Number of protein chains: 2
Amino acid sequence: MHSEVVASRSAEQRDSSREPRNGTPHLDAVSLAIIEQLQEDGRRPYAAIGKAVGLSEAAVRQRVQKLLDQGVMQIVAVTDPLTVGFRRQAMVGVNVEGDVEKIAEALTAMSEVEYVVMTAGSFDILAEVVCEDDDHLLDVINKRIRALPGVRSTESFVYLKLKKQTYMWGTR
Amino acid sequence: MHSEVVASRSAEQRDSSREPRNGTPHLDAVSLAIIEQLQEDGRRPYAAIGKAVGLSEAAVRQRVQKLLDQGVMQIVAVTDPLTVGFRRQAMVGVNVEGDVEKIAEALTAMSEVEYVVMTAGSFDILAEVVCEDDDHLLDVINKRIRALPGVRSTESFVYLKLKKQTYMWGTR
DNA sequence: ACTGAGACCTGCGGATTTCGCAGCCTCGAT
DNA sequence: ATCGAGGCTGCGAAATCCGCAGGTCTCAGT
């Protein structure tokens with residue numbers, strides 16, 4: 001019936017050992033399709049996903065579990081903290097002298113920091129911080145981030161309103 | 001048994017009609033607790049959540065459905081596009097003359113833009129874009145974003161490496 | 001004060017989904 | 001040629017999801 005699908009799938013699986021770079025696990029088209037399904041609805045049943053991607057329920061379950069174990073994806077509830085209320089949020093651009101990686105690690109360790117990315121451009125690192133209120137935000141930025149040895153300067157962008165937040169890169 | 005929990009819950013529910021601001025739905029402590037559970041694991045069974053927050057399975061189900069319908073939260077799979085492979089990502093700071101809201105809407109309409117937030121600081125808007133490759137990224141920034149009437153200037157920060165990405169603001 | 005509407009919760013079967021496991025197949029290595 | 005690992009399927013049993021029928025409480029209107 002859909003033997004061609006099976007054929008192409010096994011062809012892709014065959015070279016799944018060849019990984020594109022360092023430790024990044026290779027993802028074949030079927031896993032991508034599964035992720036797309038879960039980007040639309042994180043609670044979609046395995047059987048429905050299987051039907052969509054041409055796999056049995058059990059196979060989908062095994063793949064999803066592996067993707068979660070490998071840390072390739074996570075299935076979570078996401079909200080806009082500002083909508084949920086009583087919080088102050090900001091993006092902080094950081095300039096570093098010396099080991100950028102080390103500063104990034106330090107930021108990652110802070111519970112108020114939700115998002116850390118190393119960038120090219122006039123900032124070395126962008127970090128998103130979520131705080132209780134203005135005092136808390138001020139404290140995190142001035143006392144904790146600026147205090148890190150190696151941080152040359154920071155610039156803050158306080159969030160006023162979140163306009164868009166999606167996870168649909170796969171479905172285009 | 002846990003009558004005090006019930007008492008405090010109904011006390012919070014009583015004034016749930018008084019909403020803090022415009023259309024933002026009020027969230028009581030129980031809904032917050034439910035969201036926290038789902039931030040840890042988006043597929044956690046309703047019964048388990050109910051046990052954790054002191055509600056029946058059916059009640060949790062109804063609340064979760066309402067939170068989803070209201071758009072307060074979404075349950076989705078999230079990944080790092082860079083890890084998944086073959087993509088270029090960047091944060092773009094935008095300066096606007098005139099109606100900031102209008103430009104934000106235009107950015108929101110672009111499928112390559114995953115994240116749009118209006119900010120205070122030296123940028124009016126921060127937008128995160130996810131692209132196929134460098135050419136695509138260049139195209140989106142130069143041809144589409146800069147071309148919007150009202151965009152005074154932009155500055156781009158190309159992502160090199162995502163270090164942290166969590167959704168655990170509730171659990172601190 | 002009474003009443004009806006609305007919001008929210010619980011309890012309960014039936015349908016659906018999840019889960020674990022045994023078996024099969026393919027590929028690559030010994 | 002044989003063996004082991006990885007991956008898929010099929011299948012019951014257990015757990016979960018789902019819809020619905022009440023019950024309680026609050027609030028607004030008569």
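Heavy atoms only: backbone and side chains are in, while hydrogens, waters and symmetry mates are out. We name chains A, B, ... by the order of the sequence lines, and we start the count at 1 in each one. Note that the coordinates shown come from a computational prediction; the quantities given were computed from them, not determined experimentally.
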Protein and nucleotides 17-21 of chain C: nitrogen or oxygen contacts under 3.5 angstrom:
| unit_1 | atom_1 | unit_2 | atom_2 | d |
| --- | --- | --- | --- | --- |
| C:dT18 | OP1 | B:R43 | NH1 | 3.2 |
| C:dT18 | OP2 | A:Y46 | N | 2.9 |
| C:dG20 | N7 | A:R61 | NH1 | 3.2 |
| C:dG20 | O6 | A:R61 | NH2 | 3.2 |

Quiz question: by atom type and distance under 3.5 Å, do the side chains of A:W169 and B:T79 form a donor-acceptor pair?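 Note: A:W169 and B:T79 side chains meet the donor-acceptor criterion.
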
Is a donor from one side chain sitting under 3.5 angstrom from an acceptor on the other, for A:Q74 and B:Y167?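 Side-chain D/A pair, A:Q74 to B:Y167: absent.
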
Could you state the atom-to-atom distance from [atom1] of [X] to [atom2] of [N] in whole Å?
{"X": "A:I49", "N": "C:dT16", "atom1": "CD1", "atom2": "P", "answer": "18 Å"}
{"X": "A:K51", "N": "D:dC8", "atom1": "NZ", "atom2": "C1'", "answer": "18 Å"}
{"X": "A:Q65", "N": "D:dG6", "atom1": "CD", "atom2": "P", "answer": "16 Å"}

Between B:K66 and C:dA7, does any side-chain N or O lie under 4.0 Å from OP1 or OP2?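 Indeed not, no polar side-chain atom of B:K66 lies that close.
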
Report the residue from A:I35, A:L38, A:D41, A:L55 that forms a side chain to side chain contact (heavy atoms under 4.5 Å, CB included) with A:I49.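 Going through A:I35, A:L38, A:D41, A:L55 one by one, the side chain to side chain contact (heavy atoms under 4.5 Å, CB included) with A:I49 is satisfied by A:L38 alone.
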
Quick test of your reading: applying salt bridge (Lys or Arg N to Asp or Glu O under 4.0 Å), list the pairs with at least one residue in residues 105-124 of chain B, sequence neighbours left out, ordered by first then second residue.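 Salt bridge (Lys or Arg N to Asp or Glu O under 4.0 Å) check on residues 105-124 of chain B returns A:K163-B:E105, B:E112-B:R144.
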
For a quick test of reading the model, state the closest non-hydrogen atom pair linking A:P149 to A:I103 and the distance between them.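 Nearest pair, atom of A:P149 first, then A:I103: O-CD1, 3.4 Å.
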
Should the ring pair B:F157 and B:F123 be called parallel, tilted or perpendicular, given that the plane angle runs from 0 to 90° and is split at 30 and 60?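 Taking B:F123 first and then B:F157, their aromatic rings stand perpendicular (interplane angle over 60°).
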
